[in-house]
Amino acid sequence: MAKERVVQAIQQALEAARDRGELSFSGTPEVEIEVPRNREHGDFSSNVAMALAREANLPPRKIAECIVASIGVGDGLIDRMEVAGPGFINFYLKPGWLHDVILKIAGEGDRYGRSDAGAGTKVLLEFVSANPNGPITVASGRGGAIGDTLARLYELTGAQVAREYYINDAANSTQMINFGKSLVVRYLQELGQSIEMPEDGYQGTYVNQIAKDIIAQHGDTYVSMDAEERLTLFTRMAEDAMIAQQKADLEEFGIVFDCWFSERSLHDSGKVREAVAKLDERGFTYEKDGAVWLRSTNFGDDKDRALVRSNGSPTYIAADAAYHADKFERGFNKLINVWGPDHHGYIARTKAAVAALGYRAGDVDILIYQAVRLMSSGEVVMMSKRAGDVISLSELVQEVGKDAARYFLLMRSHDSQLDFDLELAKSQSEENPVYYVQYAHARIAALLRNAEERGVVVPTAEDANLSLLVDEPELDLIKKLADWPEEVARAAFRHEPHRLSAFATELARLFHKFYTECRVLGDDEALSGARLALVSASKQVLGNLLHTMGIEAPERM
RNA sequence: GCCCCCGUAGCUCAGGGGAUAGAGCAACUGCCUUCUAAGCAGUGGGCCACAGGUUCGAAUCCUGUCGGGGGCGCCA
């Protein structure tokens, strides 16, 4: 595409200048070009001259002029160049390059935006991974939106991607036993016994529901059961019920995992023991106070961590070490974990465990997203899982819809806290940003329907006379369309799925602007045809974009 | 005490070495006999928390201070 050709032209010019002895620098300089914010600064702009100034020991503008002088304009792409400001080189291209973009989009369709930039990468994306003791919360939903969108982005770069949910189902977890106890209480209460829910029990009504389901299936069989046996059974049943519900909640949110990975399975299969043994063999453990410790400080952690308790049971970090080893053993070469803010303390120790096991810690990327606050009428809606007044992801989806929920949870950088304005997300009106974007798509669809009704033929991109597209709103819109593939790669590799919401807003704005200023179905048949080709391309890109965000692209609104 | 994130318009936040700092919401003013006004155009609104430093160039990088949030277990 045009951008690569400009980069190549600069590189060749640099080498030519070096060969002539006009510039001195070593290696091949990284040539970066960008789309300038200001349209008057051309189609692309480069700062190489300034970046090279020190090494070449020449004023930036001088270098820029030297580069410009050795770039030919005869290749049909570059119209003219300008040295501007402190030493920017601005490239003004012949409009044909933009028309090629429309041809490319028409040719690639749903695949427009794909690349092979990530080919050969086998990514395991682990996200959500909530404890199986309640419905998926809105906070976990943020992790879900981020993880799933990141997965879609990586897929577009040609990487192989697996979405995985790590189930924290280790036996004897105090949380889970407590959860099981709560279920027992509800079960007995439902059957008329008067016992109190303990202070630290799970108050949510979903526990009552599980109790009712058990009664519906098994009646009062468990009333007379041995209490300890019953607790074990109920803990397991509570867990199974929650996992099933979580699966359903997430599917409703547009997320389907390739694998639900059980922590317990790591213990049962002996993999946790193996991992601890391997750490021991490699000399990174020691015993103290009857416990086995990992020398995680050897790998940058600020203190050593217990792997096996003095009572002989392995800790969470031991299982985590085994889990990450297992991921690598399954052939993945890039592990991405999307974790909530309460896990930030685990980054150093997890990476330490990975390194101590002999894997590359650099192949593990851990993304911590910050808290979500639900806001209603300017007030924070408080949430506590145990108190039972959580607003679940499922409730949020029912309240505002999947599209608004996903869009809002993707609007902010993962490391910013996020205020989720319920009223705004709910409002089916102009103030809601998600509708702004979807409306652009629906508007396009309406336009194309209209054309059909009027008997106007939408020409193929090849048949349209694209050179008629010369107005500013048209060119600005095409430039944005041209940027999509690169935006995909940026958002993927920088792990910034929230960029898509900004891109979506910008693309929608440029379309609306075009729509307002450029009449599509007019008297000039050739111009209408060219504009319809542009409209189709816009629909394609907007659709691809919304699909990547996991949001519907409506045909009408 | 130590660690992480944040501090940018009235509010919520993008931008994270480059040219004149942006968006949504809120406020105000225009634009529908013509393709969806869920739209467009315009106005007002900023010591980019503060202080030093690095750089040709800093909202952006470094150090420190202040303010907000989160995390620091032989819990998971």
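Letters A, B, ... mirror the listed sequences (proteins, then strands); counts begin at 1. The structure presented is a predicted model; accordingly, all values stated were derived computationally and were not measured.
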(message) Can you confirm whether Lys479(A) is buried at NZ, in the sense that more than 12 heavy atoms of other residues, nucleotides or ligands lie under 6.0 Å from that atom?
(response) yes

(message) With a sphere of 6.0 Å drawn around NZ of Lys181(A), does it hold more than 12 non-hydrogen atoms of other residues, nucleotides or ligands?
(response) no

(request) Take the angle between the ring planes of Tyr166(A) and Tyr323(A) and call it parallel below 30°, perpendicular above 60°, tilted in between. (result) parallel

(message) For Phe257(A) and Tyr165(A), take the angle between the two ring planes, folded into 0 to 90°, and tell me which bin it lands in: parallel under 30, tilted 30 to 60, perpendicular over 60.
(response) perpendicular

(request) By nearest nucleotide on RNA chain B, pick out whichever of Tyr515(A) and Asn47(A) is the more 5' one. (result) Asn47(A)

(message) Quiz question: by atom type and distance under 3.5 Å, do the side chains of Asp43(A) and Tyr92(A) form a donor-acceptor pair?
(response) no

For nucleotides [N] and [M], find the distance between their [atom1] atoms and express it as a whole number of Å.
{"N": "U8(B)", "M": "G45(B)", "atom1": "C1'", "value": "13 Å"}
{"N": "G22(B)", "M": "C62(B)", "atom1": "P", "value": "25 Å"}
{"N": "G57(B)", "M": "G10(B)", "atom1": "C1'", "value": "32 Å"}
{"N": "A37(B)", "M": "C32(B)", "atom1": "C1'", "value": "6 Å"}
{"N": "G15(B)", "M": "A21(B)", "atom1": "C1'", "value": "8 Å"}

Using a cut-off of 4.0 Å on non-hydrogen atoms, how would the nucleic acid contact of [X] be classed: base, sugar-phosphate, or nothing?
{"X": "Met375(A)", "result": "nothing"}
{"X": "Asp342(A)", "result": "sugar-phosphate"}
{"X": "Glu34(A)", "result": "nothing"}
{"X": "Arg454(A)", "result": "sugar-phosphate"}
{"X": "Ser413(A)", "result": "sugar-phosphate"}
{"X": "Ala291(A)", "result": "base"}
{"X": "Ala53(A)", "result": "nothing"}
{"X": "Ala442(A)", "result": "base"}
{"X": "Arg54(A)", "result": "sugar-phosphate"}

Starting at atom [atom1] of [X], determine the distance to atom [atom2] of [N], rounded to an integer number of angstrom.
{"X": "Leu424(A)", "N": "A26(B)", "atom1": "CG", "atom2": "C1'", "answer": "11 Å"}
{"X": "Gln370(A)", "N": "U12(B)", "atom1": "CD", "atom2": "P", "answer": "16 Å"}
{"X": "Ile317(A)", "N": "C75(B)", "atom1": "CD1", "atom2": "P", "answer": "13 Å"}
{"X": "Phe408(A)", "N": "C13(B)", "atom1": "CZ", "atom2": "C1'", "answer": "12 Å"}
{"X": "Leu418(A)", "N": "G24(B)", "atom1": "CG", "atom2": "C1'", "answer": "13 Å"}
{"X": "Leu447(A)", "N": "C35(B)", "atom1": "CG", "atom2": "C1'", "answer": "5 Å"}
{"X": "Ile368(A)", "N": "G70(B)", "atom1": "CD1", "atom2": "P", "answer": "15 Å"}

(request) Test for a donor-acceptor pair under 3.5 Å between the base of U12(B) and the side chain of Asp421(A), counting only N and O atoms. (result) no

(message) Once hydrogens and angles are ignored, does a donor-acceptor distance under 3.5 Å link the base of U20(B) to the side chain of Arg37(A)?
(response) no

(request) Please examine the side chains of His414(A) and His498(A), heavy atoms only from C-beta on, and report whether any two atoms are closer than 4.5 Å. (result) no

(message) Contact between Leu294(A) and Leu279(A) at the side-chain level, heavy atoms closer than 4.5 Å - yes or no?
(response) yes

(message) Let me check I have this right: for RNA chain B, each base becomes ., (, ), [, ] or |, based on Watson-Crick or G-U pairs with both distances under 3.5 Å. What is the full string?
(response) (((((((..((((....[...)))).(((((.......))))).....(((((..]....))))))))))))....

(request) Report yes if a side-chain nitrogen or oxygen of Lys303(A) is closer than 4.0 Å to either non-bridging phosphate oxygen (OP1 or OP2) of G73(B); otherwise report no. (result) yes

(message) For the base of G18(B) and the side-chain ring of Phe88(A), does the geometry meet a stacking cutoff of under 5.5 Å between centres and under 30° between planes?
(response) no

(message) For RNA chain B, which residues of residues 498-505 of chain A approach it to below 4.0 angstrom with any heavy atom?
(response) His498(A), Thr505(A)

(message) I want to verify the glycosidic state of C32(B); is it syn or anti under the 90° rule?
(response) syn

(request) Counting heavy atoms from C-beta on, name the nucleotide in G24(B), G18(B), G68(B) closest to the side chain of Pro433(A). (result) G24(B)

